[in-house]
Amino acid sequence: MENRRSFIKKSAFVLGAIGSGMACTTEAQSDNNTANLSSTQAIPTTIATWDNQEATATAMQVLQNGGSALDAVEAGAKIPEANAEDTSVGYGGLPDAKGIVTLDACIMDHLGNAGSVTFLQGIKHPISVARKVMEETNHVMLSGQGALEFALRHGFEQENLLVETSKLAWEEWKMEQKSPLIGKDNHDTIGILAMDAQGNISGACTTSGAAYKLHGRVGDSPILGAGMFVDNEVGGACATGLGELVMTTLGSFLIVELMRNGASPQQACEEAIGRIVKRYKNWVTEDKLQVGYLALNKKSEYGYYSIRKGYSVAVSQNGKNKNLDSKFAIR
Ligand code: ASP
């Protein structure tokens, strides 16, 4: 864990193939994710990483009841946070190398207000603490013990978030000392965006981070511009997967800026994944390494893309709630 590069298998064949463009192809996504552009009205939309259909449906319900995009993303993010079976978010999350569940989250509204918590322990809904940071302080980010004290002062309760199954999985990991890298079985961070009927966009991102990470490690999810970013003039973006690859390319900010310069959400997600694949080609060839993005623009168009197979997004729009498999860069 201390030295990620030490266990990345270097395959001359794969690297050579990537260099020559053989193993890595980026194909344009067919335009099945385009909202009805003939309408100038905002189409209320919620979109989340992974199979988080319950979250997008809940967020859509908030919008339909007249709630704001901000209320919607918070409500949506709280669904996996409270789900003991979701091993990558909140309650039930897999712990760090010391067996402690540590949580990262951030939230951002259409006015550019933002709040974030990192390395928070024992609070089931870090997204709501992040919102409190946004609304009740002059700061954007609180961390660790300070974030916990802030949460307790604001009425959040401290509880044990390490459920028995996650504890057993950690004990097994400790025995085997398996790779803690993010793979297909241990990343389900929820990043969620919502556009309300006024056309305002907000975003939220919450996670227990990489399973068995070093104690103290913070990933991309609470970092504005990395795990999530919103600029209401343009749109928003969210990330999931190996945070180190997202933080070092500032993926969500990049996607929003690409959209500002005319890219569609799909094109922007593909470009952001392409940057990772190009710059970190000897990391991303690691069998399981994954990063997935999603994006939403002001026309209620959305896009999504990942490094490799397996990523999907949940979308609620026009009365439909669906899960869509992502196209990917490395095959
Ligand atoms: N992005 C998260 C992190 O690196 C992990 C995940 O998506 O599950 O902490």
Side-chain angles (χ1 to χ4, degrees), residues 1 4 47-52 55 77 79-81 83 85-97 100-107 116-121 126-127 130 141 143-144 161 166 169-170 173 179-193 203-229 237-255 269 272-273 276 280 283-284 286 288-294 304-308 310-314 326 328:
M1 184 63 191
R4 181 175 30 239
I47 178 165
T49 51
W50 303 109
D51 188 12
N52 275 305
I79 298 292
E81 279 185 344
N83 181 358
E85 281 167 24
D86 190 320
T87 56
S88 301
V89 184
Y91 180 59
L94 288 165
D96 67 10
I100 299 169
V101 180
T102 74
L103 306 169
D104 298 333
C106 72
I107 194 161
S116 161
V117 288
T118 76
F119 197 52
L120 178 62
Q121 292 164 46
I127 200 64
M141 183 182 283
S143 189
L161 302 179
S166 292
W170 169 69
W173 169 79
S179 156
L181 265 187
I182 287 186
K184 64 177 166 41
D185 303 322
N186 66 351
H187 55 74
D188 279 316
T189 294
I190 181 168
I192 178 166
L193 300 172
C205 188
T206 179
T207 190
S208 52
Y212 322 129
K213 61 197 174 186
L214 281 180
H215 187 63
R217 181 263 191 189
V218 171
D220 62 308
S221 305
I223 312 290
L224 294 151
M228 188 275 294
F229 191 69
C238 297
T240 181
L242 183 62
E244 282 70 8
L245 296 175
V246 177
M247 283 189 273
T248 46
T249 49
L250 219 51
S252 293
F253 181 75
L254 173 63
I255 289 169
C269 289
I273 289 292
I276 293 174
Y280 298 112
W283 284 17
V284 298
E286 168 69 22
K288 290 175 172 178
L289 275 191
Q290 180 67 297
V291 169
Y293 286 120
L294 64 77
Y304 45 94
Y305 200 63
S306 57
I307 292 179
R308 54 175 31 86
Y311 175 54
S312 65
V313 296
S326 177
F328 46 92

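Just follow the structure's listing: the first ligand is 1, and inside any ligand the first atom is 1.
- For Y91, the OH atom counts as loosely surrounded, since its 6.0 Å shell holds 12 or fewer non-hydrogen atoms of other residues, nucleotides or ligands.
- Within ligand 1, the atoms closer than 4.0 Å to a non-hydrogen atom of G209 are 9 (O), numbered from 1 in the order shown.
- Residue G219 has no nitrogen or oxygen atom sitting less than 3.5 Å from a nitrogen or oxygen atom of ligand 1, judged on distance alone.
- Short contacts between ligand 1 and S221, defined as distances under 4.0 Å to a heavy atom of the residue, involve ligand atoms 1 (N), 2 (C).
- Shortest non-hydrogen contact noted between T249 and Y280 is CG2-CE1, 4.0 Å.
- Comparing T207, T102, D220, V218 against atom 3 (C) of ligand 1, the shortest heavy-atom distance belongs to D220.
- Contacts between A210 and ligand 1, counted as non-hydrogen atom pairs separated by less than 4.0 Å, involve the backbone only.
- In this structure, F253 has its ring center under 6.0 Å from that of F229.
- No N or O atom of D104 sits closer than 3.5 Å to an N or O atom of ligand 1.
- Ligand 1 has a nitrogen or oxygen under 3.5 angstrom from a nitrogen or oxygen of T189.
- The aromatic rings of W50 and Y311 lie perpendicular to each other, with more than 60° between the two planes, well past the 30° mark.
- What you find for G203 and L193 is that their closest heavy atoms are CA-CD2, 3.8 Å.
- An N or O contact shorter than 3.5 Å links G243 to ligand 1 by distance.
- Salt bridge annotation for E244-R217: present, with a cationic side-chain nitrogen under 4.0 angstrom from a carboxylate oxygen.
- When non-hydrogen atoms are compared, ligand 1 lies under 4.0 Å from the side chain of R217 (C-beta onward) but not from its backbone.
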